[in-house]
S.K.: 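Below is one structure. I have some questions about it.
Note that these values count all heavy atoms, side chains included, but never hydrogens, waters or copies made by symmetry. Note that the coordinates shown come from a computational prediction; the quantities given were computed from them, not determined experimentally.
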Amino acid sequence: MSYHKKLFQLFVLFYSILFYSQLNTKDSLRGEFIYLLKAKLNTLNPNQTDEELFSLQVADYRIFFSSLNSLKRDSVAGIVSRKAINNGGGVFDFRGTSMPQTKFSYTIIQTNENIQYFQRVAMSLLSYKESVIKDWKLIDETKIINTINCKKAKVSYKGRNWTAWYSAEIPLPYGPYKFSGLPGLIIKITDDKGDYDFELVRSVSNSKLKDRLVNIYENRYTNSTETTKTELEKTLQNFRENSLGILESLGTSVTPEQRKIIMERQKEMQLRKKGDNPIELN
């Protein structure tokens with residue numbers, strides 16, 4: 001069994017109760033747009049580009065943005081934990097189960113008023129709010145991207161300079177990650193260093209949206225502890241560097257094999273941090 005699969009099984013054991021919860025039961029799905037992110041996540045490997053798909057789910061009054069693989073992980077964990085609970089608990093059967101891998105476990109909710117970022121750290125769900133981006137510079141330039149007529153806009157955000165292509169033909173003032181506030185859906189957005197690039201690759205047709213709800217577990221964004229971006233990042237980094245100690249302080253029983261897996265993960269995270277190239281530089 002692979003290292004990552006062992007690690008995922010271990011954390012399902014720790015947090016199975018978190019996954020045994022309800023899908024979103026309040027928000028009707030009005031649109032779903034799938035973006036492909038191409039990102040250079042580590043400066044020590046400048047020629048390596050990671051790719052991951054993200055889902056932008058549009059409801060009546062807010063939109064949800066999450067990695068598709070992170071949503072699939074939730075579904076897998078939910079299925080496994082429900083089977084274990086239905087069988088009396090304690091038996092987690094992963095045979096034949098595919099474990100989606102992701103580097104992006106956050107959820108972002110946008111409204112016309114603000115942006116809220118959610119991240120689970122150990123047993124706690126933390127969140128912080130930010131204002132919607134308002135200082136876009138609209139540019140009189142057009143381009144066709146994947147048969148969609150687009151207009152150009154630029155913005156400086158958190159240490160990076162971004163160029164966006166949005167479509168007024170899709171009158172939704174949203175886009176991937178925290179980008180919103182333009183007079184149309186963002187179809188493509190890239191920073192000037194070429195480190196991060198989001199591009200719309202497909203959308204769900206209106207005929208398939210009828211009676212559908214937002215497909216995100218409520219535990220990803222409800223009952224969070226609101227904090228600041230700085231404090232959330234400090235807490236996350238502390239957990240990555242000392243997850244074993246934190247789990248044991250919570251009274252979690254860790255076997256020798258589980259301890260080895262966690263220690264290996266901590267070393268891997270520390271090495272990756274040396275060349276970390278985050279989407280937000282400040």
S.K.: Check for me, please, whether L185 and L138 land in the same ILVMFWY cluster - side-chain distances under 4.5 Å, paths through other members count.
M.R.: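 They do share one cluster, since a chain of ILVMFWY contacts under 4.5 Å joins L185 to L138.
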
S.K.: I want to check something: taking the side chain as every heavy atom from C-beta on, are Y157 and F179 in contact at a cut-off of under 4.5 Å?
M.R.: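 Answer yes - side chains close enough.
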
S.K.: Nearest 0.5 Å please: distance from the OG atom of S180 over to the CG atom of L172.
M.R.: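 Answer rounded to 0.5 Å: 11.5 Å.
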
S.K.: Within the structure provided, determine whether R120 and N219 are in side-chain contact (heavy-atom separation under 4.5 Å).
M.R.: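 They are in side-chain contact.
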
S.K.: Rounded to the nearest 0.5 Å, what's the gap from CG on L44 to CG on D276? Could you check?
M.R.: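 Answer rounded to 0.5 Å: 9.5 Å.
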
S.K.: To the nearest 0.5 Å, what is the distance between CG (D197) and CG (L37)?
M.R.: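 Rounded to the nearest 0.5 Å, the CG-CG separation comes to 7.5 Å.
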
S.K.: Check the pair T235 / Q119 against side-chain contact (heavy atoms from CB on, under 4.5 Å), numbers first and verdict last.
M.R.: CA-CA 10 Å; T235 303; Q119 177 80 55; over 6 Å; no

S.K.: Decide yes or no for N42 and Q48: does some side-chain heavy atom of the first lie under 4.5 Å from some side-chain heavy atom of the second?
M.R.: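 No, their side chains stay 4.5 Å or more apart.
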
S.K.: Can a side-chain donor-acceptor contact be found between N215 and Q57 if the only test is distance below 3.5 angstrom?
M.R.: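 N215 and Q57 do not have a side-chain donor-acceptor pair below 3.5 Å.
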
S.K.: Just so I know, are the side chains of L209 and V204 near enough to count as touching, which here means a heavy-atom distance under 4.5 Å?
M.R.: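 L209 reaches V204 side chain to side chain.
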
S.K.: Pick from T43, D195, N45: which one makes a side chain to side chain donor-acceptor pair (under 3.5 Å) with N277?
M.R.: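 Only match with N277 under side chain to side chain donor-acceptor pair (under 3.5 Å): D195.
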
S.K.: Do N112 and Y174 pair up side chain to side chain, a donor and an acceptor below 3.5 Å, judged on atom types alone?
M.R.: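 Note: N112 and Y174 side chains meet the donor-acceptor criterion.
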
S.K.: Quick one: do V155 and D135 satisfy side-chain contact (heavy atoms from CB on, under 4.5 Å)? Show the steps, please.
M.R.: CA-CA 7 Å; V155 70; D135 52 348; 3.4 Å; yes

S.K.: Please report the closest heavy-atom contact between Y196 and I279, naming both atoms and the distance.
M.R.: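 Nearest heavy atoms, Y196 then I279: OH-N, 3.2 Å.
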
S.K.: May I have the step-by-step check of side-chain contact (heavy atoms from CB on, under 4.5 Å) for L36 and L53, ending in yes or no?
M.R.: CA-CA 5 Å; L36 174 64; L53 294 170; 3.8 Å; yes

S.K.: Taking atom types as modelled and ignoring hydrogens, do the side chains of Y177 and E280 form a donor-acceptor contact shorter than 3.5 angstrom?
M.R.: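 There is such a pair between these side chains.
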
S.K.: Check for a donor-acceptor pair, side chain of S203 on one end and backbone N or O of F33 on the other, with a separation under 3.5 Å.
M.R.: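 Not a single qualifying donor-acceptor pair exists.
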
S.K.: Check the surroundings of atom NZ in K151: do more than 12 heavy atoms from other residues, nucleotides or ligands lie under 6.0 Å from it?
M.R.: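 No, not enclosed.
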
S.K.: Please name the pair of heavy atoms, one in Y128 and one in T227, separated by the smallest distance, quoted to 0.1 Å.
M.R.: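 Smallest heavy-atom distance, with atoms named: CB-O, 3.2 Å.
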
S.K.: What is the minimum heavy-atom distance between G175 and L56, and which atoms define it?
M.R.: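 Nearest pair, atom of G175 first, then L56: O-CD1, 3.5 Å.
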
S.K.: So for atom CG, which belongs to N223, do other residues, nucleotides or ligands contribute more than 12 heavy atoms lying within a distance under 6.0 Å?
M.R.: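 Counting other residues, nucleotides and ligands, CG of N223 stays at 12 neighbours or fewer.
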
S.K.: Would you call E130 and K229 a salt bridge, taking side-chain N to carboxylate O under 4.0 Å as the test?
M.R.: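 No, this pair does not count.
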
S.K.: Return the CG to CG distance between D211 and L29, rounded to the nearest 0.5 Å.
M.R.: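 D211 CG to L29 CG: 11.0 Å, rounded to 0.5 Å.
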
S.K.: Is the number of heavy atoms from other residues, nucleotides or ligands under 6.0 Å of K152 NZ greater than 12?
M.R.: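 Buried by this count: over 12 neighbours within 6.0 Å.
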
S.K.: What are the two closest non-hydrogen atoms of S55 and E32, and how far apart are they?
M.R.: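 Closest pair (atom of S55, atom of E32, distance): OG-OE2, 2.8 Å.
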
S.K.: Can a donor-acceptor pair be found between the side chains of S70 and R220 at a distance below 3.5 Å?
M.R.: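 Per modelled atom types, S70 and R220 side chains form a pair under 3.5 Å.
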
S.K.: With a 4.5 Å cut-off on side-chain heavy-atom distances among I, L, V, M, F, W and Y, is there a chain of contacts connecting I145 to F198?
M.R.: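 Looking at the clustering, F198 is in the same group as I145.
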
S.K.: Check whether any side-chain heavy atom of T163 sits under 4.5 Å from a side-chain heavy atom of T190, and report yes or no.
M.R.: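 T163 vs T190: side chains apart.
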
S.K.: Could you tell me the separation between the CD1 atom of I109 and the CZ atom of F65, rounded to the nearest 0.5 Å?
M.R.: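 Atom-to-atom, I109:CD1 and F65:CZ are 13.0 Å apart.
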
S.K.: Write down the atom of S66, the atom of L71, and the distance for their closest heavy-atom approach.
M.R.: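 Scanning both residues, the minimum pair turns out to be CB-CD2, 3.8 Å.
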
S.K.: Which value, rounded to the nearest 0.5 Å, describes the distance between K143 atom NZ and I187 atom CD1?
M.R.: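 It is 12.5 Å, given to the nearest 0.5 Å.
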
S.K.: For N146 and E199, test the side chains for any donor-to-acceptor distance below 3.5 angstrom and give the result as yes or no.
M.R.: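 Side chains of N146 and E199: pair found under 3.5 Å.
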
S.K.: Any chance you could lay out the side-chain contact (heavy atoms from CB on, under 4.5 Å) test for L236 and L126, step after step, and finish with the verdict?
M.R.: CA-CA 10 Å; L236 183 59; L126 304 181; over 6 Å; no

S.K.: Report yes if the side chains of F118 and L125 come closer than 4.5 Å at any heavy-atom pair, otherwise no.
M.R.: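 Yes, at least one pair of side-chain atoms sits under 4.5 Å.
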
S.K.: List the atom of W136, the atom of I189, and the distance in Å for their closest heavy-atom pair.
M.R.: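 Heavy atoms only, the tightest pair is CH2-CD1, 3.9 Å.
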
S.K.: Please check: side-chain N/O of N69 versus main-chain N/O of Q101, any donor-acceptor pairing under 3.5 Å?
M.R.: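 Side chain of N69 to backbone of Q101, a donor-acceptor pair under 3.5 Å: yes, one is there.
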
S.K.: Report yes if some heavy atom in the side chain of I115 is under 4.5 Å from a heavy atom in the side chain of Y117; otherwise report no.
M.R.: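 No, every pair of side-chain atoms sits at 4.5 Å or beyond.
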
S.K.: Do other residues, nucleotides or ligands put more than 12 heavy atoms under 6.0 Å from the NZ atom of K158?
M.R.: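 More than 12 heavy atoms, drawn from other residues, nucleotides or ligands, come within 6.0 Å of this atom.
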
S.K.: Tell me if a side-chain donor or acceptor on T228 pairs with a main-chain N or O of E231 at a distance below 3.5 Å.
M.R.: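 Yes, the answer is positive, given that a donor and an acceptor are paired below the 3.5 Å cut-off.
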
S.K.: Do side-chain atoms of S224 reach the backbone of E226 as a donor and acceptor pair under 3.5 angstrom?
M.R.: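 Side chain of S224 to backbone of E226: no pair is present.
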
S.K.: Is I186 close to P176 at the side-chain level, that is, under 4.5 Å between some pair of heavy atoms?
M.R.: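 Sidechains of I186 and P176: in contact.
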
